[in-house]
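Letters A, B, ... mirror the listed sequences (proteins, then strands); counts begin at 1. Because the structure is predicted, anything quoted here is derived from the model rather than measured.
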Amino acid sequence: MPKKKENGLVGFLEIEKKWQQEWEKAKIFRVKEDKSKKKFYCLEMFPYPSGEGLHMGHAFNYTIGDVYARFKRMQGFNVLYPMGYDSFGLPAENAAIKAGIHPKIYTDRAIKNFIEQQHKLGLSYDWDRLVITKDPEYYKWNQFFFLKLYEKGLVYRKKSAVNWCPKCQTVLANEQVHSGKCWRHEDTDVEIKHLEQWFIKTTEYADELLRDLSKLNWPERIKLMQENWIGKSHGININFTINGKPWPIFTTRPDTIYGVTFMVISAQHPKLMELVTAKQKPQVEAFLKKLKSVSEKELEEMEKEGVFTGSYAINPITKEKVPVYIGNFVLAEYGSGMVMAVPAHDQRDFEFAKKYKLPIKVVIQPKDKKLDAKTMREAFVEEGILVNSSKFDGIDSKIAIEKISDFIEKQKLGKKTINYKLRDWLVSRQRYWGTPIPIVYCDKCGIVPVSESELPVLLPEKVEFGKGNPLATNKAFVETRCPKCKGKARRETDTMDTFFDSSWYFLRYCDNKNNKAPFIKEKVEYWNPVDVYIGGAEHATMHLIYARFFTKALRDMKMLKIDEPFPRLFNQGMLHGSDGFVMSKSRGNVVNPLDMIKKYSADTLRFYLVSQASPDKDTNWNDEAIEGSFRFILRVVNYFNKVKKGKSSAKIESKFNKTVKEFTDDIENFRYNLAIIKLRELFESLGEEESKEVIEGFLKLFSLFCPHICEELWHRLGNKTFISTAQWPKADENKIKPEFEQQDKALGQLKQDINHIIKIVNKKPKAIYIYVIPKEISLYDSKELEKAFSCKVQIMANNKAAYDPQNKASRAKPGKPALYIE
RNA sequence: GCGGGAGUGGCAGAGAGGACAAAUGCGCCAGACUCAGACUCUGGUGCCUUAGUGGCUACGAAGGUUCGAAUCCUUCCUCCCGCACCA
């Protein structure tokens with residue numbers, strides 16, 4: 001790349017390093033709470049520090065955030081812009097084991113590398129507020145919150161059917177299973193295991209989590225994803241009687257109650273065996289055994305299957321006796337874990353009925369045709385008119401839902417209720433690299449929480465990897481005393497899901513060095529909520545739900561005053577390789593940010609990243625476009641080497657102020673790409689001499705994207721302060737004059753026309769004569785044209801004596817002057 | 001299957017009822033500079049036609065609303081992303 005060196009690239013890298021050091025030295029990005037200033041909390045989703053270092057997606061994410069932080073800072077806000085590392089977790093543990101080093105060392109190295117690379121990008125973080133989740137100073141407070149939640153009854157331990165990833169060798173939260181696969185292993189089917197695990201009662205807040213979505217300025221699709229994930233549905237619990245005992249079942253379709261021909265209970269239902277008769281036991285056991293050997297994924301694709309329990313249920317409305325089956329398609333965790341089956345009006349029940357030759361009873365007739373149970377090929381699930389439903393016959397099914405529900409409630413046979421798809425958050429993990437759960441098991445006292453004064457429960461460093469959870473085999477860790485009776489006890493060896501760590505880290509930034517409490521109220525209240533949160537969409541139904549839950553729970557413990565942590569969320573787009581595919585090593589389309597910084601400078605990379613497309617859209621890497629970004633920066637530098645400080649024309653003043661106005665608005669709304677276009681256009685119109693206001697103003701706008709070179713140019717202009725903390729230019733609306741734009745347009749059009757003719761006649765013009773209609777004479781400026789074409793230019797209007805050998809003047813039209821070229 | 005988003009020039013991507021043959025960048029072409037190249041600068045870049053004109057065809061496809069549509073409506077096609085037996 002020697003050619004780049006000739007253009008001053010070497011200078012670029014030196015300049016960048018110099019200003020990064022100057023910023024650090026002057027600590028200009030350090031902030032304190034200051035009630036006299038308006039605060040702004042700009043936050044990016046903190047990274048998981050992998051050994052691979054920063055990837056382009058990180059660079060993109062942080063550039064978006066840094067531009068915004070710089071913008072708000074220059075606007076006079078007290079800007080909190082912190083960084084931290086989500087440094088616990090399975091990938092580090094696995095990578096460390098593979099590399100034969102301790103996860104702690106592996107992670108420390110990775111973090112050091114990240115910090116260095118982020119410095120190189122010129123990101124304006126307040127590094128004093130660094131938060132590292134794997135440090136005991138941090139995870140101590142995870143344990144603190146765990147105990148608080150436990151005290152509040154929001155943490156419980158329960159045996160249930162849970163998701164198990166055989167590759168991770170641990171259980172997973174519901175949110176971490178994507179289409180039956182582990183979120184970290186796309187090729188690994190999740191298995192169902194029955195284990196006793198720790199859960200957090202996120203469902204306690206299901207309704208509020210759903211309701212408050214409407215308050216949030218988030219991308220619509222993220223809100224929808226959360227809405228679907230929470231999955232609220234209205235229905236009714238109806239009490240069926242089985243073997244003389246009440247068994248409530250949940251349904252959203254009480255209008256079909258007269259069509260129930262059998263019941264299906266989940267194979268995972270904890271009380272399943274109560275229903276199985278001695279006669280049916282062998283068959284049931286065989287069925288359950290078969291189910292156990294299939295993964296959740298296979299289960300999804302499997303045909304509906306079941307087996308008779310031997311028991312019968314009594315329909316409380318019809319008093320009919322229907323058989324109870326066990327089915328593989330009924331979820332134990334949703335509703336009541338058992339369904340009333342209405343094969344005529346539910347596709348799943350229909351398939352099940354067909355397979356086991358169970359009766360089908362039509363109770364809703366469509367308005368346009370007549371159903372016959374014998375000839376039906378699929379369930380009729382739409383609305384219609386009730387039939388075979390005793391006194392409800394003839395009622396519209398939609399109305400019948402209400403009527404029958406009311407009737408059931410009145411008869412005390414059931415109760416209207418609401419159900420959610422959201423399940424409680426399974427937080428325990430059978431792995432080493434995480435926060436130890438601060439619980440002790442005592443033979444006498446049972447489950448005993450570690451007392452707060454004994455926190456943190458330190459994660460032991462000396463452990464043996466390789467055989468399951470290293471904590472479980474670590475005697476020194478496991479063997480302890482009961483906090484209550486002081487007798488022999490065992491420690492909980494499970495660690496917390498790392499999403500626990502990230503559920504409150506944004507609060508810790510506000511008071512990261514506090515060793516008496518997770519944070520003090522005043523600080524957290526000053527900075528929160530986060531004003532803008534920037535990150536990818538992949539956390540829509542994981543981190544973003546957990547953090548919202550955490551915030552609400554802490555609020556109810558009087559530790560916070562806010563209801564929502566992130567009122568405004570910005571999702572950046574995905575950055576793909578130049579081939580359009582996700583960047584991956586195996587595809588060989590990875591572009592490394594550090595390489596690009598070395599080749600073009602950090603300013604260029606930043607500028608390129610946000611100029612390509614709207615930052616919320618997916619884009620492909622483009623090797624040629626970054627060259628273009630680099631060229632533009634070079635042009636700016638060259639211009640600043642030559643420009644004279646003086647006066648700007650009213651025309652430039654107009655353009656400058658208009659640009660400032662629109663640029664500010666674009667940045668505010670994350671339309672960085674459009675802001676850059678306006679900046680380029682302004683730059684193109686700048687002349688050899690411009691006013692201080694215009695020159696410095698331009699530089700300030702530009703500095704959001706290219707802070708290093710702008711800082712350098714700013715100083716070369718004689719400034720002793722930092723441009724990074726300079727005041728944002730204010731647009732003077734009075735100076736914006738639309739006439740100038742008209743002039744520009746007219747002149748541009750005229751230039752094009754002249755060029756066109758020159759091309760046709762194919763010779764250099766000696767003189768250009770322009771005949772305009774009198775009204776428009778002020779639109780055109782001969783000097784500018786003379787400069788552009790380097791020949792004599794004469795502009796005339798209605799001048800009889802004018803030089804016009806070919807009588808062109810008569811062709812002059814409004815907006816279209818006539819021309820004669822010699 | 002359900003839900004969401006998107007389809008614009010050689011490419012990336014603006015535009016969201018008139019100022020649109022469509023910003024900006026990249027690419028490409030021509031010219032200037034140069035011994036030459038790179039860099040830089042200037043102009044051009046849908047098709048046909050022309051001393052700056054006029055015409056035609058275009059914004060996934062087909063219809064429709066309107067004096068007027070890339071922009072609004074309907075249907076269809078394609079792609080992307082979520083959820084996926086939630087009773």
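- In a base pair of the Watson-Crick type (N1 to N3 plus N6-O4 or O6-N4) or a G-U wobble (N1-O2 and O6-N3), with each distance short of 3.5 Å, B/U66 is matched with no nucleotide.
- For B/A87, neither phosphate oxygen OP1 nor OP2 lies less than 4.0 angstrom from any side-chain nitrogen or oxygen of A/K421.
- Heavy atoms of A/E681 sit under 4.0 angstrom from primed sugar atoms or phosphate atoms, though from no base atom.
- Using a 4.0 Å heavy-atom cutoff across all strands shown, A/T619 reaches sugar-phosphate atoms only and no base atom.
- One C1' atom belongs to B/C72, the other to B/C81, and the distance between them is 26 Å to the nearest Å.
- Taking 4.0 Å as the cut-off between side-chain N and carboxylate O, A/E305 and A/K290 count as a salt-bridged pair.
- Base pairing of B/C28 is made with B/G44, judged by Watson-Crick or G-U wobble geometry with both donor-acceptor distances under 3.5 Å.
- Distances shown here put every side-chain N or O of A/Y420 at or beyond 4.0 Å from the OP1 or OP2 atom of B/C86.
- When each of B/G25, B/A14, B/A87 is scored by its nearest atom to the side-chain atoms of A/R680, the top-ranked nucleotide is B/G25.
- Between B/A69 and B/G63, the distance separating the two C1' atoms is 14 Å to the nearest Å.
- The partner of B/A84, taking Watson-Crick or G-U wobble pairs whose two distances both stay under 3.5 Å, does not exist in any strand shown.
- In this structure, A/W425 has its ring center at least 6.0 angstrom away from the ring center of A/F199.
- The phosphate of B/A87 has OP1 or OP2 within less than 4.0 Å of a side-chain N or O from A/S233.
- For A/E624, whose side chain is taken as the heavy atoms from C-beta onward, the closest listed nucleotide among B/C26, B/A87, B/A14 is B/C26.
- B/A36 makes up no base pair with any nucleotide shown, lacking Watson-Crick or G-U wobble contacts both under 3.5 Å.
- Nucleotides of RNA chain B nearest to A/S629 and A/R423 differ in position, and the one nearer the 5' end is that of A/S629.
- Regarding A/K304, its NZ atom lies at a distance of 13 Å from the C1' atom of B/C86, rounded to whole Å.
- In this pair, A/Y639 and A/F683 present their aromatic rings perpendicular. The plane angle is above 60°, beyond the 30 to 60° band.
- Counting non-hydrogen atoms under 4.0 angstrom, A/G231 reaches nothing in the nucleic acid.
- Phosphate contact (OP1/OP2 of B/C26, side-chain N/O of A/R631, threshold under 4.0 Å): present.
- B/G18 and B/A70: their C1' atoms are spaced 13 Å apart (whole Å).
- Between A/M574 atom CE and B/C79 atom P there is a gap of 19 Å when expressed in whole angstrom units.
- B/G13 and B/G60 are spaced 14 Å apart, taking the P atom of each and rounding to whole Å.
- Outside the 6.0 Å centre-distance limit, the rings of A/F262 and A/Y356 are not counted as a close aromatic pair.
- Using P as the reference atom, B/A14 and B/U24 are 15 Å apart when rounded to the nearest Å.
- A/N620 comes within 4.0 angstrom of nothing in the nucleic acid, heavy atoms only.
- The aromatic rings of A/F329 and A/F352 sit tilted relative to each other, their planes meeting at an angle between 30° and 60°.
- Crowding of A/K661 atom NZ: a count of heavy atoms from other residues, nucleotides or ligands under 6.0 Å not exceeding 12.
- The A/R221 side chain lies nearest to B/G4 when the options are B/A14, B/G4, B/G27.
- Annotation: B/G54 and B/A62 have their P atoms spaced 29 Å apart (nearest Å).
- The side chain of A/W229 sits closest to B/A84 out of B/C85, B/A84, B/G82.
- Distance, A/N174 CG to B/A84 C1': 12 Å, rounded to whole Å.
- Between A/D618 and A/V330, it is A/D618 whose nearest contact on RNA chain B lies nearer the 5' terminus.
- Taking the charged nitrogens against the carboxylate oxygens, A/E662 and A/K658 do have a contact shorter than 4.0 Å, which makes a salt bridge.
- At a threshold of 4.0 angstrom between heavy atoms, the contacts of A/S336 with the nucleic acid are absent.
- Nucleic acid contact for A/V342: none, since no nucleic acid atom lies under 4.0 Å from a heavy atom of the residue.
- Here, B/G9 and B/A58 have their C1' atoms 9 Å apart, quoted to the whole Å.
- Taking only side-chain atoms of A/R635, from C-beta outward, the nucleotide of B/G27, B/C41, B/A87 with the closest atom is B/C41.
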